[in-house]
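Here the structure is a predicted model, which means the values were calculated and not measured. Letters go in sequence order (proteins before strands), and every chain restarts at 1.
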Amino acid sequence: MTGMLRSPVVQRLLKVPPSYVVFALLLAILWSARPNMVNFNVMGIFIRQVAPLGILVLGQLLVMRVRSIDLSGGGVILLVNYFIASGTFPGARLPFFIALAIVIGTLVGFFNGWMVAKRRVSAVIVTLAVSIILIGIVQFLAGGSPPGDVPAYFGEIYNTRLGSVPTPVLFWFGMAALMWLFLSRTIFGRFVTAVGENAEAAYFSGVPVERTVILSHTIAGLIAGIAALVQTASISVGSVRVGLDLPIVAVAATILGGVAFGRGDGGVWGPTFGVLSFALLFVVMTVFGLPEPGKQIAQGVIILLAAVLYGVRTAKAN
Amino acid sequence: PSAPSYAADAVAGSAIKAGLTARAADNPVSEPGKFKKPCGWVIGMSDFGVNANTWTVQVAHESQAAADREKCIKKFILLDANLDQNKQVSDIDDLIAQHVDAIIVQPVTPTSADAAMERAVAAGIPVVLHTGRVKTDAFTTEIQGGAEHFGKVMGDFIVKTLGGKGNIWVLRGYPGHPEDINRYNGLVEALKGSSIKIAAEEYGYWQYDKAKKVCETLYLSNPNVDAIWSSGADMTRACVDVFKQFGAKIPPITGEGNNGFFGLWIHEGFKSIAPEYGPDQGAAGVVAAVDLLEGKSLYKHYDYNPPGWDLDKAKKYYRDDLSANVWWPSQLSEEQLKKFYGKK
Amino acid sequence: MRQFFLDIVTGQRSRQGLWVLPLLMALAIVAFLTVRTGHMLRPDNLLNLLAQAMPLIITAIGQTFVVLVGGLDLSVGALISFSTAILALGGPAWILIPAVFLLAGLVGLINGVAVARLNVHPIIATLAMQYIIVGVTLVLRPVAGGSVPRVVIESVGGTFLGLPMQVYWGVVVVLVAWKLLHGSRFGLHLFAIGGGVASGAEDAAHNVGVAVKRNVIFAYVASACFAAAAGIFLAGRIVSGDPTVGNGYEIYAITAVAVGGTQLSGGIGSLHGTIIGAMVLALLSNGMTLLNVSPFVQTAIQGGILLLVVAMQTRRKMGL
Amino acid sequence: MAGLIELSDISKSFGGSVALDRVSLELFPGSVHALMGENGAGKSTLMKILAGVHRPDGGAIFKNGREIAFANPREALEAGISTVFQELSLLPNLTIAENLFLGREPLGRFGSVDYRRMNADTKSALTDLGLDLAPDTLVSELSIAERQFVEIAHGIKADASVFILDEPTAALNAADVEILNRHIRRLRDAGKAIVYISHRMDEIFEICDAVTVLKDGRLVGTRPLSEVNPASLIAMMVGRELQDLFPERARTRGEVLLAVKDFRIGTATKPFSLSVHAGEIIGLAGLEGQGQQRLVRSLIGQFQPFGGNVAIKGKQLPLPVTPSSGVRRLRSLGVGYVPEDRKEEGLFLALPIAYNIAIELHAECNELSIARGYREVIADAMARLNIRASGASMIVNALSGGNQQKVLLGRYLAADVDILIVEEPTRGVDVGAKSEIYKLLRDFADRGGAVLVLSRDTVEMIGLCDRLYVVHDNTVVAEMPAATATEHGILDAALSA
Ligand SMILES: Nc1ncnc2c1ncn2[C@@H]1O[C@H](COP(=O)(O)OP(=O)(O)OP(=O)(O)O)[C@@H](O)[C@H]1O
Ligand SMILES: Nc1ncnc2c1ncn2[C@@H]1O[C@H](COP(=O)(O)OP(=O)(O)OP(=O)(O)O)[C@@H](O)[C@H]1O
Ligand SMILES: [Mg+2]
Ligand SMILES: [Mg+2]
């Protein structure tokens, strides 16, 4: 019995992040209630709905693995969205906007990383303050010129498919695979693990700790810029406000996926399934026509139960 | 109570803003000259949230522009509660402490500003209330576009279009928000007596992306819908885009007086109605405050319950050269419209 | 001597965190506003400022308890709305007020048990709880309204012995929190537990016999009860129950705690730091009002100053 | 005489691996009982069971003949069992006094903590241990030896009848050990039962009355100390006689690999120079806390020197070194730096052995390059260091203290460096492993490497090194060949400077 418990397969199974469990459960519920919806075409569209969040989470999990956090994603998305929707850059075309989003994201990420790693300030507050500033910049600009429509080609690209899979979904999964390879195969991935586990020990092992943190934040910023492009493509209008819940939801999806501050048990796919779970949760609740309060309560209870299950299992395993 | 003799001289609604009427019954008027003050006024406005969405942005612009037009206003103080009830109380208290000559209030919720407004009235400051009803009657005059009316105009349109029967989706705004509840109540009122059924009721938070998720999910779950009642803002456009994306026929769907929506409506030609809820109510609030300070007498209640706009009226207002997020009707000058909303 | 001041400013050789810099910052803002507007130090503005800051101060103080043990409580905003909804149900205050604390205590207990005994990450446990409370509140009170007991309204807006009630609220809350945090074994044990979490010596406190789990649970109960108190204060101020009034308070509270020099990884921080942090946020908001800054630039300026305050709070170790 | 505590047939396994297999032990009042065995033999596990940290899988614990069981450490404390754990477990954000009284703080009026009494009691406890520290100093401000003392003060302050000291002297020097011994004798004379775990033979013979030896989780035997001698004890532990603890010294030496010139590590300290040649093991000796560590840590930028220059393999090291990249800078010049505090600065406790060893090799590569597995290198290091583990994928946290130390050393021996700077090479390591480590360091030097060692164990310094520099008051005051050095000579040189 104990021997079986110690077998690597069982150990791994015990550590399956809650996101997979929730996802499987919801899929089963949906399948029994609306079998016709469980197919590639329909699911593709549901998954596309959370592609921006899914992409954002790829950056979030990276910074969380080095014991940091990035709450500035919302601000980056809002600013990029504003620039695209406001006509601030007359005559600009897609390549320009892509470059702009990447530059904004990377700069913001680098700044975050620099403040966290070099200045050693609180990651929560610095990224929150950066987000507030970015939102503030949009509000300032919008005071002079409120945003309007997003150019039509964004929506057109967003609606394309490859085979039966929507392009944004493919793009997201492609990025996730890239991140997975990046973390599991490269030296940088080792550094991330080292810094997350024990920054001091990482330093004495010759790991460039500050550089790793800065780079993680910079990549997270870049990813936020890309998420901003996808988010903008998914909506055809500009806005002046962004929910503070976006980064928090990203953090929650990451943790449900088994990645916590300094720990990376869920890899890249755990958090990705965390996002997919949120997508399915929304679909299932909408399909069942739950009233809003019921939706909120059900959402809370499901997340809590899944986390409790996981928590109790990991506590036993240790 | 019997109307005072000076009631006949009270300012008519249309003098404040097109489409306003003084409420017929139980509508006292303010004493002429009660708030009269020499030129050089300081007017304070407690805005519920300037940066909540593009409509609220425009309300701020309309208010400021109206204040700028009035030479006698020395200073116009716009305080932004940023959707925080608690901050609004402080904002109003602050305006009282600054001894402003008049206070305009856009309440965050029907009750949150009540106590502060009572303090303002007690301090002898005229209080103009607009775009949001309150529970207290501690204000001098109010200009209220009825949210129920707004919802009912849309509901009536649906009942008429469907001939009194069919399945509809209901897209609501922000859960717990009074505007959402009241618009919804208007719908319920309109549906009374018809055999229209609400097949689905979801919250889209008045946001494009959330509404789009809702509509996509509803469509994929069950595409049979006869009409859609949308609580306004960007949700209508999101839902129309969903139907376009699936290549499906766009069902009758309610809209709002937004330039982007008008463009879509004109272009796609689906059946719709746009209830009117102009951001120029912001200007109306300033005009009312000015009237009071000039010593004119105002009714306590002005209603803003205009009929909905049809496609022809929308075509008249639609401006291809302006961006999507200008809301109609507006009192901004051509110059300002171009400055804020001109497509570059 | 020089070292002494250096230590205080850098927050070293102390577990109170970097509260001196935000204090200086707050004083600088006050000085600036006094010079620029003349309104700043007027009693009515000070009272207004205190009243506006009070719910945040109370919530943030509660948040300090859980942050000290390396946790977070994201459910406090929802709990504030929930408390106002309960108070506005109609009924005598002597039933409603204890009921609010009881229910909040229960919420805190669930949060705490989930985190301490069931091994759930605090962000997940309290976020899930936030969803649940939001839902329940919407059922209780779908839209703002209801009637709040007179006592509550008077206890917020009235005066007693010539002093505005806010002052008493402040004194009581601070005394209770001080006693719990800095004047009892419980508080010391919270620091010990948090120090263990932050330094990776999770078992250390347990091994010398500190009731780790029980204390962590108490920390969440405390956080919830302070949020309930903030809800009562807000209900008195807006004279109604309101399902959205607490929106965003969790983020502001965490921000206030962190600005006050408390480290989110646990074990380092203080009550006065949190109060200073909340005051900095309130002053930023009040300052914008006093200076009559356009709402279109307020957010950017507030963010900028916040960044400035934070940028000065350089710590020895990286972290949240 | 009746036993105060009797551990009877205690078994414990973690997952599938057996840490203790039916071990019995009896403790008597007024006696000091040594517990010995190789790293990973099960000493700490047995004591953690007695301290209520672990629950035994089988067997029973009796106190005064009555069976007892502890659900948690608090219950053990309440039953009068006080422990100094092997892994330092002080809370860095609390003061010394708070740490000492944690869990049993005296309460004053209105239930607040009575700081005055706590600080006064702490002051006297510290003075007893010969420490001049303010009770309200944060533990994070203390040196590792000071922390160890605070830990000891914590363990022997309690009003207990049984005291467990699990390697209390691992971070102490000889003088400090003497202070500790005085206290142990005092406790013994007061009729307490004491368990003393240490890998230092001389301490055992100095203070203990009986010894129990464990091997691979099994009881080898219990003997009165008068019946054993070091050689027979080692034979009981290791299963064979140990030839020589220390390997032969260097016969030749090559060119200078590390040269420190006119170095000043304080504003007002005397400049000094030292050099380490290829093939040499050099030690920095002297009293505790005289700047030995400050000296080497200046090389990685943790302290900023005030003057002088450093040459590594003939190349100048630009000073000052930036603290954030000091270790990397040295590494790029072929220097490996082994830190003292394996738990905080050394190991990734939650990660596998393989990861811990390979990280140093990975750190040399470009971030974007593919990480190699280094399977052979890791297996080789584990074999050479005789690391007791179920495999390279075992989590380091589950290793015994001594094996953890070997993993740490393995990391730097696996890396391809020419110069090793080692702080406390054998902290908490058993005799057998010690001799292994000494051999490995000597091999490294013989292959043309240079080693600079810091150790609190003077005997080790004399036995292992070729030359010693005596450090006092932040400067080098003497240089001597290790072969002729004595403990007395070193002390003399330090104090007469
Ligand atoms: N190392 C351990 N291994 C297994 N179980 C443990 C361990 N440490 C504690 N426990 C279990 O967890 C329980 C709670 O631990 P702890 O003493 O830290 O919490 P507590 O707050 O003191 O609990 P209580 O409130 O019940 O006293 C203990 O009663 C014990 O059963
Ligand atoms: N928490 C744990 N999980 C798994 N294995 C463990 C755990 N603690 C100890 N072990 C294993 O139990 C065995 C005994 O370890 P223990 O710490 O008792 O050794 P020790 O005799 O104290 O050694 P040292 O002299 O190195 O301190 C070792 O093989 C160790 O790997
Ligand atoms: Mg207990
Ligand atoms: Mg041990």
Proximity breakdown for [X] and chain C, heavy-atom pairs closer than 4.5 Å:
X      : result
A/V66  : neither
A/A199 : neither
A/V251 : side chain
A/S122 : both

- Message: Would C/L127 and A/I303 count as a side-chain contact (heavy atoms from CB on, under 4.5 Å) here? Give the steps.
- Response: CA-CA 9 Å; C/L127 185 69; A/I303 293 174; 5.7 Å; no
Would you compute the distance between atom [atom1] of [X] and atom [atom2] of [Y] and round it to the nearest 0.5 angstrom?
X      : Y      : atom1 : atom2 : value
C/M318 : A/R119 : CE    : CZ    : 13.5 Å
A/Q139 : C/F296 : CD    : CZ    : 8.5 Å
C/L320 : A/R67  : CG    : CZ    : 8.5 Å
A/R263 : C/H121 : CZ    : NE2   : 8.0 Å
C/I123 : A/L256 : CD1   : CG    : 11.0 Å
A/I132 : C/I301 : CD1   : CD1   : 13.5 Å

- Query: What is the minimum heavy-atom distance between C/G304 and A/I133, and which atoms define it?
  - Reply: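 Heavy-atom minimum between the residues: N-CG1, 3.5 Å.
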- Task: Give the minimum heavy-atom separation between A/P293 and C/G135, together with the two atoms involved.
- Result: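 Closest pair (atom of A/P293, atom of C/G135, distance): CB-O, 3.3 Å.
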Where does [X] contact chain A at under 4.5 Å (heavy atoms): side chain, backbone, both or neither?
X      : value
C/L307 : both
C/I305 : neither
C/P295 : backbone

- Under a 4.5 Å heavy-atom cutoff, which of C/V120, C/V310, C/L306, C/V309 has the most pairs with chain A?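 Ranked by heavy-atom pairs under 4.5 Å with chain A, first place is C/V310.
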- Message: For chain C, which candidate among A/A117, A/S68, A/P291 shows the most heavy-atom pairs at distances under 4.5 Å?
- Response: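 Max contact count across the listed options: A/A117.
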- side-chain contact (heavy atoms from CB on, under 4.5 Å) between C/I124 and A/L304, worked out: CA-CA 7 Å; C/I124 297 294; A/L304 192 59; 5.6 Å; no
- Output, in order, the C-alpha distance, side-chain angles, deciding distance and verdict of side chain to side chain donor-acceptor pair (under 3.5 Å) for C/T314 and A/R120. CA-CA 5 Å; C/T314 306; A/R120 309 266 154 116; over 6 Å; no
- Do C/L138 and A/E292 pass the side-chain contact (heavy atoms from CB on, under 4.5 Å) test, and can you show the C-alpha distance, the side-chain angles, and the key distance before you say yes or no? CA-CA 8 Å; C/L138 280 176; A/E292 187 66 20; 4.2 Å; yes
- Query: Is the shortest heavy-atom distance from the side chain of A/V301 to the side chain of C/I132 under 4.5 Å?
  - Reply: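 A/V301 vs C/I132: side chains touch.
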- Check against side-chain contact (heavy atoms from CB on, under 4.5 Å), C/I251 and A/I248: CA-CA 10 Å; C/I251 300 287; A/I248 295 289; 4.0 Å; yes
